[in-house]
Amino acid sequence: MIKLKNLSKIYRTEDIETTALNAIDFEVQEGEFVSVMGASGCGKSTLLNTIGLLDSFDSGSYTFRGEEMANLTERQRANIRKENIGFVFQNFNLIDELTVFENVALPLFYNNVSKSERQDRVTEILKRMDIEHRKNHFPQQLSGGQQQRVAVARALVTEPQLILADEPTGNLDSKNGNEVMELLTDLHQQGATIIMVTHSSYDASFSSKIIELKDGQILAQKVNKREIKLV
């Protein structure tokens, strides 16, 4: 699904250049659950944002389902994001003034999905996420775990080919964090392709592959064969 070859990203100011990604090579197969780990500032979020077409890159190659992503216009990048990628963020990024239902329906609205189809698809995904009973509540009326379930529902409602999760349990206590990891594990078992940035070795242990970054370079890649059970 994803192939990065010699991919590099440099941030420049008038006085300094910072290499955020340095000759990154790796592949993600369809249906894999990949965790990206490393110390703060190692390039994890930059890598995720580059894969999600939120950031550009300076050199190298990035192909998504066989199509090269270099030199796309912003409109082309936006269209690929809308049609293929679901994002889950540490801070949920829900809109406080909208209900749960309205938050989840928002991507469908921007994709010009009809009102009746939006109704059906949002209802279905809220049932799947076990949050339908909260559909008329506002984000601040929910627990952290419930808010993250809404965020995951919003990411899935467009039926994306790829889910990108940036520290999805970072703002949650252990109980709510376990609920989110259980949810991502279930999605993976159902065939979802997931790339997750995390500081947590425990969270990473649920994934099928772990990539360790240091100073913008891949330090190690390993297949995770351990079966982890929630406690």
Side-chain angles (χ1 to χ4, degrees), residues 1-4 7 9 20-55 62 64 85-93 129 143-156 160-231:
M1 175 181 279
I2 290 170
K3 185 174 182 179
L4 306 183
L7 187 142
K9 169 73 175 180
L21 299 175
N22 187 1
I24 296 289
D25 288 328
F26 85 95
E27 297 184 21
V28 178
Q29 304 300 322
E30 192 161 355
E32 277 194 307
F33 184 175
V34 179
S35 288
V36 181
M37 301 191 70
S40 295
C42 72
K44 300 188 302 298
S45 291
T46 299
L47 178 60
L48 200 72
N49 289 340
T50 300
I51 292 172
L53 299 175
L54 297 173
D55 281 350
Y62 166 26
F64 180 71
I85 303 174
F87 295 89
V88 180
F89 300 99
Q90 177 178 350
N91 293 323
F92 317 136
N93 285 8
M129 296 296 104
S143 69
Q146 288 171 332
Q147 289 186 60
Q148 194 60 292
R149 281 180 175 271
V150 175
V152 173
R154 182 185 57 193
L156 293 179
Q161 298 176 29
L162 174 66
I163 299 169
L164 301 180
D166 193 354
E167 297 281 1
T169 67
N171 283 339
L172 303 176
D173 58 29
S174 59
K175 178 179 181 298
N176 285 314
N178 273 351
E179 288 182 0
V180 170
M181 290 312 305
E182 183 177 28
L183 176 59
L184 292 176
T185 300
D186 287 345
L187 294 171
H188 173 229
Q189 291 173 347
Q190 293 166 25
T193 305
I194 303 170
I195 303 176
M196 176 180 70
V197 161
T198 181
H199 280 97
S200 168
S201 297
Y202 176 71
D203 288 356
S205 65
F206 289 88
S207 58
S208 54
K209 181 192 290 183
I210 299 173
I211 294 172
E212 296 182 20
L213 288 185
K214 182 178 181 181
D215 298 331
Q217 294 181 300
I218 293 180
L219 190 65
Q221 296 188 55
K222 58 184 179 181
V223 176
N224 182 23
K225 296 183 178 180
R226 292 193 301 155
E227 180 182 359
I228 304 299
K229 296 183 178 179
L230 291 164
V231 294

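Values reported hereafter were calculated over all heavy atoms of this structure, with side chains retained and with hydrogens, waters and symmetry mates removed.
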(request) Could you walk me through whether M196 and L184 pass the side chain to side chain contact (heavy atoms under 4.5 Å, CB included) test, one step at a time? (result) CA-CA 10 Å; M196 176 180 70; L184 292 176; 4.1 Å; yes
(message) Quick one: does any side-chain atom of H188 pair with a main-chain N or O of G31 as donor and acceptor, under 3.5 Å?
(response) yes
(request) Please name the pair of heavy atoms, one in G43 and one in L21, separated by the smallest distance, quoted to 0.1 Å. (result) O-CD2, 3.6 Å
(request) Drop me the distance from I24's CD1 to K9's NZ, to the nearest 0.5 angstrom. (result) 13.5 Å
(message) Looking at Q146 and S143, would you say the former's side chain and the latter's main chain have a donor-acceptor pair under 3.5 Å?
(response) yes
(request) Let me see the working for T193 and V28 under side chain to side chain contact (heavy atoms under 4.5 Å, CB included), right down to the final yes or no. (result) CA-CA 8 Å; T193 305; V28 178; 3.9 Å; yes
(request) With side chain to side chain donor-acceptor pair (under 3.5 Å) as the test, would you mind laying out the steps for Q90 and N171 before giving the verdict? (result) CA-CA 6 Å; Q90 177 178 350; N171 283 339; 3.2 Å; yes
(request) State, yes or no, whether a side-chain contact exists between S45 and D166 at a heavy-atom distance under 4.5 Å. (result) yes
(request) Assign the ring pair Y202 / F206 to parallel, tilted or perpendicular, where the plane angle (0 to 90°) is split at 30° and 60°. (result) perpendicular
(message) If I compare all heavy atoms of F89 with all of Q148, which pair ends up nearest, and what's the gap?
(response) O-NE2, 3.2 Å
(message) So, taking the atom named OG in S207 and the one named CE in M37, what distance separates them when rounded to the nearest 0.5 Å?
(response) 8.5 Å
(request) Nearest 0.5 Å please: distance from the NZ atom of K209 over to the CD1 atom of I194. (result) 14.0 Å
(message) What verdict does the side chain to side chain contact (heavy atoms under 4.5 Å, CB included) test give for I85 and Q161, after you've listed the backbone C-alpha separation in whole Å, the side-chain angles of each residue and the deciding distance to 0.1 Å?
(response) CA-CA 6 Å; I85 303 174; Q161 298 176 29; over 6 Å; no
(request) Apply side chain to side chain contact (heavy atoms under 4.5 Å, CB included) to the pair E27 and I2, showing each step before the final yes or no. (result) CA-CA 5 Å; E27 297 184 21; I2 290 170; over 6 Å; no
(message) To the closest 0.5 Å, what do you measure between CG (N178) and CG (L183)?
(response) 12.5 Å
(message) Would you say that D55 contacts L48 through its side chain, given a criterion of any heavy-atom pair below 4.5 Å between the two side chains?
(response) no
(request) Would you give the length of the straight line joining atom CE of M1 to atom CD of E30, rounded to the nearest 0.5 angstrom? (result) 4.0 Å
(message) Please check this pair: side chain of Y62 against backbone of I51, looking for a donor-acceptor N/O pair closer than 3.5 Å.
(response) yes
(request) Give a yes or no on whether the backbone of A23 and the side-chain of Q217 come within a donor-acceptor separation of less than 3.5 Å. (result) no
(request) Could you tell me whether a side-chain N or O of E32 sits under 3.5 Å from a main-chain N or O of Q29, the two making a donor and an acceptor? (result) yes
(message) Other residues, nucleotides and ligands only: do more than 12 of their heavy atoms fall within 6.0 Å of CG on D173?
(response) yes
(message) Closer than 3.5 angstrom, by distance alone: can the side chain of T169 be matched with the main-chain N or O of G177 as a donor-acceptor pair?
(response) no
(request) In plain terms, say whether E212 and K222 are close enough for a salt bridge, that is, a side-chain N and a carboxylate O under 4.0 Å apart. (result) yes
(request) Answer whether the closest heavy-atom distance between the side chains of L47 and L4 falls below 4.5 Å. (result) yes
(request) Answer yes or no: is there a side-chain heavy-atom contact under 4.5 Å between D25 and I218? (result) no
(message) Exactly one of V197, I195, N49, V88 should register a side-chain contact (heavy atoms from CB on, under 4.5 Å) with L164. Which one does?
(response) I195
(request) Look at the side chain of K44 and the backbone N and O of G38, then say whether any donor-acceptor pair between them is shorter than 3.5 Å. (result) yes
(message) Is the shortest side-chain heavy-atom distance between F92 and L172 below 4.5 Å?
(response) yes
(request) Check for a donor-acceptor pair, side chain of S208 on one end and backbone N or O of F33 on the other, with a separation under 3.5 Å. (result) yes
(message) Do C42 and D215 make a side-chain contact, defined as non-hydrogen atoms from C-beta onward lying under 4.5 Å apart?
(response) no
(message) Looking at every non-hydrogen atom in both residues, tell me the closest pair between A155 and P160 and how far apart they are.
(response) O-CG, 3.2 Å
(message) Would you compute the distance between atom CG of L213 and atom CD of Q221 and round it to the nearest 0.5 angstrom?
(response) 9.5 Å
(request) Taking R154 for its side chain and N93 for its backbone only, find out whether a donor-acceptor pair lies under 3.5 Å. (result) yes
